[in-house]
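When reading the values below, keep in mind they use all heavy atoms of this one structure, side chains included, and skip hydrogens, waters and symmetry mates. Each chain gets a letter, A, B and so on, in the order the sequences are listed, and its residues count up from 1.
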There are 6 protein chains.
Amino acid sequence: MSDSVARRADGRTPSELRPIYFSRGFTRYAEGSVLVSFGETRVLCNATVEEGVPSFLRGQGQGWITAEYSMLPRATQVRSAREATRGKVGGRTSEIQRLIGRSLRAICDLEMLGERTILIDCDVLQADGGTRTAAITGAYVALHDAVYGLVRENQLSDSPLRDSVSAVSVGLVDGHPLLDLDYAEDFRAAVDMNFVITGSGHFVEVQGTAEERPFSMEELDDLRNLALAGCRDLHRLQLRALEA
Amino acid sequence: MSDSVARRADGRTPSELRPIYFSRGFTRYAEGSVLVSFGETRVLCNATVEEGVPSFLRGQGQGWITAEYSMLPRATQVRSAREATRGKVGGRTSEIQRLIGRSLRAICDLEMLGERTILIDCDVLQADGGTRTAAITGAYVALHDAVYGLVRENQLSDSPLRDSVSAVSVGLVDGHPLLDLDYAEDFRAAVDMNFVITGSGHFVEVQGTAEERPFSMEELDDLRNLALAGCRDLHRLQLRALEA
Amino acid sequence: MSDSVARRADGRTPSELRPIYFSRGFTRYAEGSVLVSFGETRVLCNATVEEGVPSFLRGQGQGWITAEYSMLPRATQVRSAREATRGKVGGRTSEIQRLIGRSLRAICDLEMLGERTILIDCDVLQADGGTRTAAITGAYVALHDAVYGLVRENQLSDSPLRDSVSAVSVGLVDGHPLLDLDYAEDFRAAVDMNFVITGSGHFVEVQGTAEERPFSMEELDDLRNLALAGCRDLHRLQLRALEA
Amino acid sequence: MSDSVARRADGRTPSELRPIYFSRGFTRYAEGSVLVSFGETRVLCNATVEEGVPSFLRGQGQGWITAEYSMLPRATQVRSAREATRGKVGGRTSEIQRLIGRSLRAICDLEMLGERTILIDCDVLQADGGTRTAAITGAYVALHDAVYGLVRENQLSDSPLRDSVSAVSVGLVDGHPLLDLDYAEDFRAAVDMNFVITGSGHFVEVQGTAEERPFSMEELDDLRNLALAGCRDLHRLQLRALEA
Amino acid sequence: MSDSVARRADGRTPSELRPIYFSRGFTRYAEGSVLVSFGETRVLCNATVEEGVPSFLRGQGQGWITAEYSMLPRATQVRSAREATRGKVGGRTSEIQRLIGRSLRAICDLEMLGERTILIDCDVLQADGGTRTAAITGAYVALHDAVYGLVRENQLSDSPLRDSVSAVSVGLVDGHPLLDLDYAEDFRAAVDMNFVITGSGHFVEVQGTAEERPFSMEELDDLRNLALAGCRDLHRLQLRALEA
Amino acid sequence: MSDSVARRADGRTPSELRPIYFSRGFTRYAEGSVLVSFGETRVLCNATVEEGVPSFLRGQGQGWITAEYSMLPRATQVRSAREATRGKVGGRTSEIQRLIGRSLRAICDLEMLGERTILIDCDVLQADGGTRTAAITGAYVALHDAVYGLVRENQLSDSPLRDSVSAVSVGLVDGHPLLDLDYAEDFRAAVDMNFVITGSGHFVEVQGTAEERPFSMEELDDLRNLALAGCRDLHRLQLRALEA
């Protein structure tokens, strides 16, 4: 299937990202605050810098980066209950926030960061598929702003960020590999993968799930290649947003 | 003290509201979605219409309006923990969401609404004082949009809203009554009151707290008058936003 | 409507309190222990003095007063579940205990109290309306006993209580303002207010809710005046109880 | 050691109960309401009759009797935290309420009771040792009142109570078997036992714990005999209270 | 009924234990690890030695022994939900783990143990009645192994264990006293007792419950004698296992 | 690095599995019960068949397969707290049990299964790395036994299992790709991946995490190939165990 022939519902080619925007400084108080849009998916990523580290790291002379993730109840077509009301953080939420944290730590020299914690709150205002990949991609920009704030205030002599990081979903829909699935595509996907990839093209996380049928080695390779190209684009868009 | 003499830190007169904006249709999926700004305070009010009513009302032929309230962790200068992480809804949150729900029910004919529930999610994106009064004022606009959606779809023959409602804070700061306190003013206020008032000038809720010292009957009357005038202005701004 | 004409179900005039009793020393171990009765409403108020203050106050050289409130499951006509069994403190409970705490702190010089905490447990043994106002009124007497215990033991050179405090409910029932509503009256009230007022006649808290219909400025003033007179009576009864 | 020689701190002989009182009708709304005193231990036992049974019994044509137990925070010398605040019912509480429920069910013909539930709330207002035995002993009286209410209202043709039940603690203190330990004696006891015994002298529950040292068969027999005599006295006092 | 006449479903005489096995070193990491079998009941008892004691014992120069108890969901015929999933430890579980802890502490000189804690995890892999008595009996062997590990490593100069301890259930089934009930017998028992008895024949815990009908003094004595004989056998089997 | 040269601490070649055992029928009551060993890692997999499906599937004519995962507290070198005691299921646990469920559903025709649920409890008795891959591999065997039980009892006319499934971990340790990491290897791995692969060689899940440094496309391919070979071996061992 050639890209010029098979158009998706929103007119994209199979290897095309949705419109991507980064709105920096979206709120006033956070050390980094980015509203990231992947099409109709909107995630507010607020970075908070705190002195000190969690107890399991205390006294080891290194910092920590972690994340929390949540959806507003009406981010979706059908309202979902608040986790605070249900009294606990669900399995999916916990899985996503661990993923975001790992992805950001992978590109940061935690010793250079020093004994401080950067916590990125990723709150989904509107969800149309790919909220976790949008969250990682936006969280990197918010992290970058928070880190350069520390540099500007001379709390850090240099940035501990060794690379950039972005994430994208890919999937097999009707037998075709597609990049950056929206909710309707994700719903129909037989296979659903998320890749977290650095600006230099290395893998941080690979997660693939056969939602409908197991997939072959060739299909795995096609999806991987699509994700590599998608993250190259996201990397360029992150750079441009940070230059603004 | 005349208004022309005593200016506040942001240049307002004692009886002047902060800049008030209503951004309708802020998210796509909710039946009513309004981002309300009272100066730097920003609250996203999303109305959800659901068939059915809570069990304590079942079979009584009437509807229900309720609200949930939450702050994003980094809505404030210093990050606060998520209630989902702490595993419970705090006392202040619960008090505010009960207040919002009562305020909206007071201006609605619940029998006309029929056996359906309208739930307004009020999520504070940025907090600079007066989040509960902004939430009520914005929630009315979101409720209005949700209700007129039902009318448009012929699910309701007429609107069950009998009046409008808005809310404002007033307080005694350095002995002076001030309208619509921002965070810095609220922090210094000796007395802090919230009024919920209908478009027709009747009281729905009156809440006053002596934070620092008990207050006299004359002070109570001054604050009440200031709130009445403030809610008249808010009422006008709500009308204008709904005509847009 | 003149008081001599319109009698209530229990024979009271509109501006008459229910029979009020304070039974001091109701339990043995608490530093202050008062069973307060507002008619059939019975609240046991036990004051506990503890060294130290909550962490947010530590090292500031001041004390703290706080309260907890609970109803026995069968305090009411129909049994309600225990909050311990449901695993959390409900919104109404939390709202009331915050109110009691604020009311007591408003009349105490917390610096004079020194770095100690006085916690008042208000447990409703029987509920016939007005449990929160009875709790505040009884808690003041228990607080007084606890404080004078500290003075007697020379832990305090003088009482840090600058005033007394009591509380009363008022409401509009069938269009008439009534003082100190019992459960049946409260149930029928179109407007329900609670006032917390010092012995010197200043306001500590004003809380009014339009349960059925918004209310006018004139109605607000009538209710306020009724509450001022009611709290003057309660103040006198508190004094008499403390002299016993 | 003869009873005439060895007196306890409060002047009792080893085989003497503390002063026992039953105050029936202590609160207004419960179907049975008894304040029971074992010396300074005071437990309020409120019986609630509810239609229906827990789901595991539904459709089996029998009733259920259960109990909840709680201590007011300041029932004791040192205040203990509320279980609602800690968000769960503790192990000791749960153990005691299961014990009370089993004890009452043992003397009731649950089929005769029909598909209804009687729940006894046992709230300790003041604790000086033996709260669980006082609770069982008082709960029987409250249960009796609730059941005879059903008979009086012709909801039951006859009482399903086949026997009465009471409970008492016994222990080895300084090598001597003592009946009905108060807190100070309980604290010093090497062995602590609770017996639940019917009016006809049969055992419902036997619980013995070597707090300090394991005990011999002879000691077990002495304690058992003391308990049998103590429950005979309690049975007589229950009868007298119910005749009043 | 003579033992030679009345055989049970599995062929045992009334006073006969089920086959008892202790498999020491069942897992690798615990300081003591014993899989105990009472017939088809299998409990894994893992002892963990930790430095320090719970806060209520700190600085008193003594150690602590405690236990946790849990059933695998499918230890039983019908699967039961995990307590972690339900979010809390149930009443029965909490009662059993308190019992195991008390039983082990009763035979240990906690001062000799020093400021360390030994925690015994008792996890039921398969349940056919008597899980708590099997747990206590196996926990003693695991405790013994953990303690002698400390002696071997010269952390203790001598064992603080002053005695051994085992436990057994007895009950009245069809009017006959039976030793060591399996699930089917336990289900039919009119009276159910658990005895915890030291190697030297003293009682640590006595717990008897009339499941179906109150029981007489003679029945109590018969059950007690059966338990004494059963624990003598268990004591011998524990010794043999520890010599292996 | 050739396999014959570079030996691991336990003597394995880089592409060699640990000794793998399946002990079927490990407990009596479960419909399938398998203790699986991957070296020193031991996981008990118990399959329970229940009529009916979760509410979100009701009436759709299909079945469901789900899993729960837990570690005994002392499965590890250092004891970890029970999730029941902490009152909630942790993020890692929830992530793993979702993974196990998805893996098993991927090889089952849920419509053929009919409206019943198979729940696999995976309880880790001893943990030395790779507990989630051992759990999936053993759970398949338990699922198989449960399903063939249904076939044998004529509740299913044929097996709904379309394929088999197993899982294995791979990682980069000191730059070398290794198969089936034990705890010590896992701890040192720069990259850690888990693959879930069907008997026919298709992928069900791919999860890779850069623990220490992002990894290249070549490294990803090497790890994938190692996993494919490892799961071929596991598939053969599963077949052999099921033939026994």
Item checked: Most contacts with chain D, counted as non-hydrogen pairs under 4.5 angstrom, among E:Gln207, E:Gln97, E:Arg92, E:Arg105 -> E:Arg92
Could you go through residues 185-197 of chain D and list every donor-acceptor pair under 3.5 Å that involves a side-chain atom there, pairing it with any protein atom two or more places apart or in another chain?
residue	atom	partner	partner atom	Å
D:Glu185	OE1	D:Arg8	NH1	2.8
D:Glu185	OE1	D:Asp182	N	3.1
D:Glu185	OE2	D:Arg8	NH1	3.2
D:Arg188	NH2	D:Asp174	OD1	3.4
D:Arg188	NH2	D:Asp174	OD2	2.3

Item checked: E:Ser94 to D:Gly91 - nearest heavy-atom pair and separation -> OG-CA, 2.8 Å
Check: Which of residues 211-227 of chain E have a heavy atom under 4.5 Å from any heavy atom of chain D?
Finding: E:Pro214, E:Phe215, E:Ser216, E:Met217, E:Leu220, E:Asp221, E:Arg224, E:Asn225
Margin query: Please classify the contact between D:Thr209 and chain E as side chain, backbone, both or neither, with a heavy-atom cut-off of under 4.5 Å.
Written below: both
